[in-house]
Amino acid sequence: MSQHILTAVAWPYANGPRHIGHVSGFGVPSDVFSRYQRMAGNKVLMVSGTDEHGTPIQVQADKEGVTARELADRYNRVIAEDLVGLGLSYDLFTRTTTHNHYAVAQEIFLGLYKNGYIFPKTTMGAVSPSTGRTLPDRYIEGTCPICGYDGARGDQCDNCGNQLDPIDLINPRSRINGETPVFVETEHFMLDLPAFSEVLGTWLQSKQGEWRPNVLKFSLNLLGDLQPRAISRDLDWGVPIPLDGWRDRNDKRLYVWFDAVIGYLSASIEWARRSGDPDAWRQWWQNPDARGYYFMGKDNIVFHSEIWPAMLLGYNGEGARGGTPGSLGKLALPSEVVSSEFLTMEGRKFSSSRQVVIYVRDFLERYSADALRYYIAVAGPENQDTDFTWSEFVNRNNGELVAAWGNLVNRSISMAAKNFGAIPEAGDLTDADRALLERSRTAFAAVGAELQRSRFKNAVTEAFDVVRDANKYLADQEPWKIKDDPERQKSILHVALQVVDDAKTLLTPFLPNSSNKIFEMLGGEGVWSGMPEIREVDEDGGPTYPVITGDYQGAARWEHRPIKAGTPLAPPTPLFAKLDPKVVDEELARLAD
RNA sequence: GGGGCGGUAGCUCAGCCGGUUAGAGCAUCGGACUCAUAAUCCGUGGGUCGUGGGUUCAAGUCCCACCCGCCCUACCA
């Protein structure tokens, strides 16, 4: 039965290029999942984009002497290129600075407002006297009034751990330019999260046994002390507040997190419009059989398991204050929040400022996308923080991708090509032949079940067990020794090639580039698993911007398919590049800079 | 300070509701083979499961305390 699957991928923040820690959290897992779901016959809509509003972007733009818009334009493109390079199959990767996104974000705000879940409140805020801009708590530091530590941040003292109010800091100063902030009254809009604690609790409880326990436990725990949360900011960079008297103010904008999570919906709507059927998005958001899977790193859990669901419930009129759905109609909550832990780098935290970082684009300049995808799938931070080391990367690449899998493909095709020039016919099968064929066939259900649950490590490990068994089979059968019995030799190579073909299917979600090559080597025509591309688009003739999209309706299906005897075979070229162990030292030297 | 997660072989990691001699891959060592990017296959050694208590016939697996690492606590996945 074909199902509608929304793959909602966390929106990368447009303040710099992506490093491999970022893509190990939201990128590769979401793509593996989506490719699998498409192969399984489901209708996948995979959306995301760059998150371009907020104070950090404004601050960095000021620092570089450009406008926030210019900075966002730059990194929107850089990030899109990073993600395309990895082969991430977004149906639409867009951005939050589109007219469409502004309109949808404002519609959600209005729906919540009309249903009584948003209310105004006057608070004291810190303002930078020279720029007139609000200073978020994090951008203020000073002496802690409790312990006397001098480097306390406005929201918390790192020394004694106490939560602080920036107005209490002794000698407060801006971390941006050192000046002393002034505190003024400012009016903001608050999202009434407590009005959702009961309905969120019921909803979360229903996910027991389905979600990863760490995500669920964390989310349930937050329900205890939900507080109203400000969803506006004193800033001129962001989505305007769509109320009379506010709309035209250039000093008030929606809080970046409020608008960013709406991106999942606005991107779905933009995709539908570009596809020619403006209502197509409803199949993923209003169809009771559709499922929505959200992929992110662990620091994002609260926004996806608490705030975004609360916003949807409020828009639907399903919080404690009741209400009616807004003009878009009732919207679906996440089915599952899939969160990754963090990747560390040679034992240290990723840090762009301290050069403890590997950018995706630098990585892809020297190594293949499949090599990185494989490493993240098999050794990534799925259940706990994990450490990326270059020696581990080289070992995995050389020992598993090249020696086990690449070599199996190469030796099988090479022998068959040399001896028969085509896929040979199978004669009578022995027990060993049947056992191996059975092995790869049953792997589809086993690997598929793991992928369905987002257990990528288990999935790729099981798929690789087939590869190991196939190498063992060849070692046992020794087809190179039985030159006097070409019929038997044909059978063995037919079986080996069949299992190679099955394994390439099993590995397609992880290694789409190399699986596409194997598909061609074995005589496949057309596209096996589609790859993404960047297209320049615009909105009603406005400025163009890049989006990631693609046609992913390839031939790939999650099933065994018989190879055709007689298909011509050419001598193969290696699939994966073997790495010289010296690259470990070279890469470590780069880090030490 | 509050909350969450983790600390298992040299390395990177699996171990669901507690149950026989704690697993995988890589690395080490020994052997076999030569179709293949010297790749493959077989065998071998290696861990008082962070520390200290407790519950139990039985604990890596439950409870308590502590140590260490990481995340969130109004914006670095």
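Every chain is numbered from 1 and lettered A, B, ... according to where its sequence line falls, protein lines coming before strand lines. As the structure is a prediction and not an experimental result, all values here were calculated from the model.
- The residue A:Phe303 sits apart from the nucleic acid: no heavy atom pair falls under 4.0 Å.
- Here A:Phe456 pairs with nothing under the ring-ring contact (aromatic ring centres under 6.0 Å, His included) rule; sequence neighbours left out.
- As a whole-Å value, the separation of A:Arg233 CZ from B:C75 C1' is 8 Å.
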| field | Pair assignment for RNA chain B - dot-bracket with | for other-strand partners, Watson-Crick or G-U under 3.5 Å | value | (((((((..((((.....[...))))..((((.......))))......(((((..]....))))))))))))....
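- Under the rule for a salt bridge (Lys or Arg N to Asp or Glu O under 4.0 Å), A:Asp585 has no partner lying at least two apart in sequence or in another chain.
- Of the candidate nucleotides B:C5, B:C72, B:A74, B:C72 has the atom nearest to the side chain of A:Asp299.
- The P atoms of B:G45 and B:G52 are separated by 28 Å, rounded to the nearest whole Å.
- Salt bridge present: A:Arg439 and A:Asp469 bring a charged side-chain N and a carboxylate O closer than 4.0 Å.
- Remark: the separation of the P atoms in B:G60 and B:G19 is 10 Å, to the nearest Å.
- Under the side chain to side chain donor-acceptor pair (under 3.5 Å) criterion, A:Thr97 pairs with A:Glu52, A:Arg95, sequence neighbours left out.
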Check nucleotides 11-13 of chain B for protein N or O atoms closer than 3.5 Å to its own N or O atoms and list the pairs.
| unit_1 | atom_1 | unit_2 | atom_2 | d |
| --- | --- | --- | --- | --- |
| B:C13 | OP1 | A:Asp387 | N | 2.7 |
| B:C13 | O3' | A:Lys457 | NZ | 3.4 |

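- Residues passing the side chain to side chain donor-acceptor pair (under 3.5 Å) test with A:Thr7 are A:Ser34, sequence neighbours excluded.
- Salt-bridge formation is detected for the pair A:Asp476/A:Lys472: a Lys NZ or Arg NE/NH1/NH2 atom is positioned less than 4.0 Å from an Asp or Glu carboxylate oxygen.
- Scored by the ring-ring contact (aromatic ring centres under 6.0 Å, His included) test, A:Phe350 finds A:His19 as partners (sequence neighbours excluded).
- In this model, the phosphate group of B:C75 is not approached by any side-chain N or O of A:Arg253 to a distance below 4.0 Å at OP1 or OP2.
- Within 4.0 Å of A:Phe464, counting heavy atoms only, lies no atom of the nucleic acid at all.
- Residues satisfying the salt bridge (Lys or Arg N to Asp or Glu O under 4.0 Å) criterion with A:Asp485, sequence neighbours excluded, are absent altogether.
- Here B:G23 presents its C1' atom at 15 Å from CD of A:Glu462, a figure rounded to the nearest Å.
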Detail all sub-3.5 Å separations between protein N/O atoms and N/O atoms belonging to nucleotides 26-28 of chain B.
none

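- For the side chain to side chain donor-acceptor pair (under 3.5 Å) test, residues two or more places apart in sequence or in another chain that qualify with A:Tyr473 are A:Asp433.
- Across the protein-nucleic acid pair, A:Leu222 atom CG and B:C5 atom C1' stand 13 Å apart, rounded to whole Å.
- Across the P atoms, B:G69 and B:G30 are found 40 Å apart, a figure rounded to whole Å.
- Rounded to whole angstrom, the span from the CD atom of A:Gln60 across to the C1' atom of B:C76 amounts to 11 Å.
- In this structure, the CG atom of A:Asp234 is 15 Å from the P atom of B:C75, given to the nearest Å.
- Qualifying side chain to side chain donor-acceptor pair (under 3.5 Å) partners for A:Lys517, counting only residues two or more places apart in sequence or in other chains: none.
- As rounded to the nearest Å, B:U55 and B:C64 have P atoms that lie 15 Å from one another.
- At whole-Å resolution of the value, CZ in A:Phe456 and P in B:A14 are 15 Å apart.
- Among the heavy atoms of the strands lying under 4.0 Å from A:Leu343 is at least one base atom, whether or not backbone atoms are also near.
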| request: Sugar-phosphate means primed atoms, P, OP1 and OP2; the rest is base. With that split, encode nucleotides 31-37 of chain B 5' to 3' as B, S or - using protein heavy atoms under 4.0 Å. | output: --SSBBB
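- Counting only heavy atoms from C-beta on, A:Phe218 has its side chain closest to B:G3 among B:A14, B:G3, B:C5.
- Within the 4.0 angstrom heavy-atom criterion, no nucleotide atom of any strand lies near A:Ala10.
- Between A:Ile57 atom CD1 and B:C76 atom C1' the separation is 12 Å, expressed in whole Å.
- Atom C1' of B:A14 sits at a distance of 11 Å from the matching atom of B:A22, rounded to the whole Å.
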